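Here the structure is laid out as C-alpha cells; the discussion comes afterwards.
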Amino acid sequence: MHDGPYRAPPEGGLLIAPLDEFTAVYHRASGITHLLTEPAPQILAILGEGALSLGALLDRLARDYELTDGDLTDGDLPDGDLTDGTREALAARLAELVESGLVERA
Amino acid sequence: MRHAFAVRIGPVGFRIGSDWRAPIAHLETLYRDYPKPLDGVPDFTVRLFARRPWRRFLRPSVEIGGDYMLPDAAPLPLRQGLLAAEMAMNLQMALGARRYLLLHASAVERDGRALLMTGISGAGKSTLATLLAAKGWRFMGDEFALLDPATGLIHAFPRLISLKNEAIAAAEAACPDARMGPLMPATPKGDIRHMVPDARAIAAMDVPARPALLVFPRHGFAPEIRSVQPGEAFVRMTQASTNYVALGEAGFRALTGLIGDVSSVAVDYPDGASAIEQVEALWAKL
C-alpha cells in the first residue's frame with residue numbers, strides 16, 4: 001500500500017465551498033467542479049496544512065474530526081483487524097482524490 | 001445584409017441582419033420601445049439567411065447564423081422568421097455570453113429583490129413570470145437571468161416573452177392589453193406566440209435586483225412545496241447554466257454565492273392561479 005506522503009495542490013489551487021453534506025470544490029488547474037462528501041473535504045483541509053503520510057493523516061482525521069471506521073468505509077468494513085480496514089478505506093479515498101487531481105502524491 | 005435591425009435587451013446589444021424584410025418588420029414593431037445598443041456597438045450579431053439565392057423566393061427557408069452557430073441547426077420556414085430570430089439571439093447568449101453567469105431561468109422582481117424560476121421546458125417559467133407580472137411584479141425575463149459575478153446581482157434580460165401552446169391563451173387572458181406577435185402554429189417547439197413585456201419591464205431593464213428566492217416549478221401536479229437542499233440546488237443550477245464551465249472560477253464563486261444567499265424551493269402546482277398563491281405565500285415568509 002502506498003504510504004505517501006500525500007499533499008493538497010499548491011496554496012490557492014482549490015476553492016472550497018461547503019453547501020450541506022456536500023462540499024463544492026473548484027480545482028483551478030483543471031477548471032473542474034467536484035462535489036465531495038465526508039471524509040474528502042476533511043482530508044483536503046488537513047493536507048492543505050502540509051503533506052502527510054497515510055498513517056499520520058489517519059491520526060489527524062481521528063483526532064480532529066473523530067472520524068471512525070464507518071465514516072471511511074460506508075459501513076462496509078471487511079472482517080479482521082479494524083485498523084487495517086480503516087487504513088485500506090482511507091487509502092481508497094485518497095486514491096480517488098489522487099485520480100481526480102485534488103490530492104497529489106508528494 | 002439586405003435588412004437589419006439593432007436592439008438592446010438589458011445589458012446586451014444585438015444586431016440582426018436578414019435576407020428578408022418580414023422578420024425584421026416584426027422585430028421593429030415588437031421591440032419598438034427598446035433602446036439601441038450602447039454606443040451603437042452590438043455585443044452579438046445574428047444573421048437570417050437563405051442558403052441558396054433562389055431560396056429567398058422559392059419555398060423560402062431561414063438559416064440561422066451569427067457570431068456563434070450550431071452547425072446542425074435546421075432551417076425554419078419564412079413564416080416562422082421571428083422565431084428564427086429569437087432562437088438565434090438566444091443562441092448567441094447561450095454560447096457567447098461571458099460577462100454574466102447565465103441561468104436558464106425566468107425572473108421577476110419586487111421591492112428590489114428577485115425571484116428566479118428554473119426548470120425544464122414546460123415547467124412554466126414563462127407563464128409564471130407573465131402571470132406574476134400581471135399581478136404587479138416587475139418582469140425581468142423569461143429565458144435567461146444574468147448573474148453578475150462581481151456583485152451577485154441579477155440583471156434583467158426582458159426579451160419578447162416566448163409563449164407556447166396553452167400558455168398563449170393564459171397570458172392573453174392575464175394581460176389583455178399586451179402587444180402580441182404573430183401566432184406561429186406547429187413550429188418545432190409547438191404553437192408559439194411572442195408577447196411584448198409591459199412598459200415597466202422595459203423602462204426598468206437596467207435596474208438589477210438582489211436574488212432572494214430560487215423556485216423549481218413543476219406544472220401538472222397537486223400543490224406541494226419542498227425545500228431544496230443547497231447541494232441539490234447547486235447541481236441543478238450548474239445544469240441550468242449555459243456558461244458555468246466557460247466562466248471557470250468566476251462561475252463557481254457566483255453560483256456558490258447565489259446558492260448561499262437564497263432559499264431554494266421546489267413547487268409543484270396544478271395551474272397558474274395555484275402557483276401564484278404558492279409563490280406569494282413563500283415570498284411573504286422570506
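None of these values were measured; they are calculated from a predicted model. A note on names: the letters A, B, ... follow the listed sequences, proteins ahead of strands, and every chain is numbered from 1.
Contacts of B:Val235 with chain A are made by side-chain atoms alone, with heavy-atom separations under 4.5 Å and no backbone atom involved. The part of A:Leu35 that comes within reach of chain B is its side chain, from C-beta onward, which places non-hydrogen atoms under 4.5 angstrom from that chain.
Between atom CG of residue A:Asp20 and atom CZ of residue B:Phe234 there is a gap of 11.0 Å, rounded to the nearest 0.5 Å. Rounding to the nearest 0.5 Å gives a distance of 10.5 Å between OG1 of A:Thr33 and CD of B:Glu249. Note that OG1 of B:Thr256 and CD1 of A:Ile16 are 12.0 Å apart. Values are rounded to the nearest 0.5 Å.
Other residues, nucleotides and ligands place more than 12 heavy atoms under 6.0 Å from the CD atom of A:Glu21.
Here the side chain of A:Tyr26 pairs no donor or acceptor atom with the backbone of B:Phe252 at under 3.5 angstrom.
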